[in-house]
A.B. asks: 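Got a structure for you, written out below as structure tokens; questions coming shortly.
Computation of the quantities below employed the complete heavy-atom set of this structure, encompassing side-chain atoms and omitting hydrogens, waters and symmetry-equivalent molecules. Here the structure is a predicted model, which means the values were calculated and not measured. Along the sequence shown, residues carry numbers from 1.
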Amino acid sequence: MRYTDAPARRDELLRRLSAEGYVSSSRVADELRVSEMTIRRDLRQLEAEGLARRVVGGASLPNLGHGRPFDERAVTGSGEKHTIAEACLQLLDGAVTVALDAGTTVAPLAGMLPAGSTIISHSVPVIQAAIARDDVELVAVGGVYQNETRSFAGSAARRTIADYSVDVAVLSATAVDRSGILCANALDAELKQELARAARTTVLLVDHSKLGARAPIRVGGLDLVDIIVTDAGADPDDLRVLREIGATVVVAGETVDALSTTGDAGVDVS
């Protein structure tokens with residue numbers, strides 16, 4: 001179908017942005033049977049209205065608090081993030097091969113894991129931290145570099161992760177609600193899914209601001225992970241909702257037991 005009407009065309013662009021998080025100017029121009037210049041004009045208009053953010057080759061969803069640059073996100077709530085990472089570390093006793101996702105809450109673990117650990121990661125900050133140590137083995141996952149997440153993604157990254165058997169994968173997320181785990185980048189979502197498939201046990205680290213929040217890309221249901229770790233700032237109602245639908249949630253500061261790396265979360269949250 002040819003979209004000659006500008007409002008209809010922009011509605012279709014917004015629909016695709018909402019579903020996929022990104023649109024390619026050249027690809028959508030071919031599919032809508034209009035010129036690439038027309039699509040660029042549409043995207044400029046959507047950006048002016050705050051509905052899209054133009055990037056090289058197309059547009060992505062606007063930064064609505066969850067698509068901020070990595071360095072900006074890293075200093076936001078850094079205290080809570082370190083507390084969450086420390087709580088996660090208590091769960092990892094006995095885990096030898098640990099996969100670390102690309103997220104500011106996960107990144108501190110690279111410097112905390114015990115000597116002798118094998119770290120698998122596509123996150124540049126994690127890779128850099130592991131390189132600075134001489135007591136861990138590093139599997140650096142390459143691929144297409146994503147500046148927003150400071151990580152590598154794409155088919156090459158997925159293939160590398162699929163080749164490994166992981167004791168524990170530690171994931172991050174942009175948001176978590178009763179529907180599941182959400183993020184703001186489609187390529188990032190694919191890597192999270194691959195990490196969970198490769199691991200015997202999967203842990204999700206999210207600070208309290210992510211609970212009940214929203215993001216455009218669905219990573220999976222809450223059953224994708226074995227346990228969620230958050231901080232003491234979490235709203236009790238958010239915790240109740242997650243626990244009522246079957247999620248195992250640990251609040252940093254609670255006494256917990258180490259996870260079983262055979263796939264059973266042996267966590268005592270009583």
A.B. asks: If Ile, Leu, Val, Met, Phe, Trp and Tyr residues are connected whenever their side-chain heavy atoms lie under 4.5 Å apart, and connections chain through other members, are Val106 and Ile227 in the same group?
C.D. replies: yes

A.B. asks: Looking at Arg197 and Glu194, does any basic side-chain N land under 4.0 Å from a carboxylate oxygen?
C.D. replies: yes

A.B. asks: Thr149 and Asp188: side-chain donor and acceptor closer than 3.5 Å?
C.D. replies: no

A.B. asks: Tell me which pairs pass ring-ring contact (aromatic ring centres under 6.0 Å, His included) where either residue lies in residues 126-151, with sequence neighbours left out.
C.D. replies: Tyr145-Phe152

A.B. asks: If you look at every heavy atom in Ala189 and Cys183, which pair is closest and at what distance?
C.D. replies: CB-SG, 3.6 Å

A.B. asks: Is a side-chain donor-acceptor pair under 3.5 Å present for Ser172 with Lys210?
C.D. replies: no

A.B. asks: Is any NZ, NE, NH1 or NH2 atom of the basic residue among Arg158 and Glu190 found under 4.0 Å from an Asp or Glu carboxylate oxygen of the other?
C.D. replies: yes

A.B. asks: Are Arg9 and Glu12 within salt-bridge range, i.e. N to O under 4.0 Å?
C.D. replies: no

A.B. asks: Restricting to non-hydrogen atoms, name the atom on Arg133 and the atom on Ala115 that form the minimum distance, rounded to 0.1 Å.
C.D. replies: NH2-N, 3.9 Å

A.B. asks: Given salt bridge (Lys or Arg N to Asp or Glu O under 4.0 Å), test Asp30 with Arg27 step by step and report yes or no.
C.D. replies: CA-CA 5 Å; Asp30 286 342; Arg27 178 178 173 182; over 6 Å; no

A.B. asks: Step by step, would you call Val126 with Val124 a side-chain contact (heavy atoms from CB on, under 4.5 Å)?
C.D. replies: CA-CA 5 Å; Val126 169; Val124 171; over 6 Å; no

A.B. asks: What pair of heavy atoms forms the shortest contact from Val229 to Ala87, and how long is it?
C.D. replies: CG1-CB, 4.0 Å

A.B. asks: Take Leu100 and Ile120 through the side-chain contact (heavy atoms from CB on, under 4.5 Å) test and state the conclusion after the steps.
C.D. replies: CA-CA 6 Å; Leu100 298 182; Ile120 300 175; over 6 Å; no

A.B. asks: For residues Ile119 and Ala110, report the shortest heavy-atom separation together with the two atoms involved.
C.D. replies: CD1-O, 4.0 Å

A.B. asks: Which heavy atom of Thr248 sits nearest to which heavy atom of Asp226, and what is that distance?
C.D. replies: CB-O, 3.7 Å

A.B. asks: Please walk me through it: do Leu171 and Leu195 pass side-chain contact (heavy atoms from CB on, under 4.5 Å)?
C.D. replies: CA-CA 8 Å; Leu171 304 185; Leu195 288 169; 3.8 Å; yes

A.B. asks: Salt bridge between Lys81 and Glu86, side-chain N to carboxylate O under 4.0 Å?
C.D. replies: no

A.B. asks: Hey, quick one: are Val144 and Val141 part of the same hydrophobic cluster, counting side-chain heavy atoms closer than 4.5 Å, chains of contacts allowed?
C.D. replies: no

A.B. asks: Would you say the side-chain atoms of Gln193 pair up with the backbone N or O of Val219, donor to acceptor, closer than 3.5 Å?
C.D. replies: yes

A.B. asks: Would you find more than 12 non-hydrogen atoms of other residues, nucleotides or ligands less than 6.0 Å from Arg218 atom CZ?
C.D. replies: yes

A.B. asks: Please name the pair of heavy atoms, one in Pro125 and one in Ser123, separated by the smallest distance, quoted to 0.1 Å.
C.D. replies: CD-OG, 3.3 Å

A.B. asks: Enumerate the ring-ring contact (aromatic ring centres under 6.0 Å, His included) contacts for residues 166-188, please, sequence neighbours excluded, ordered by first and then second residue.
C.D. replies: none

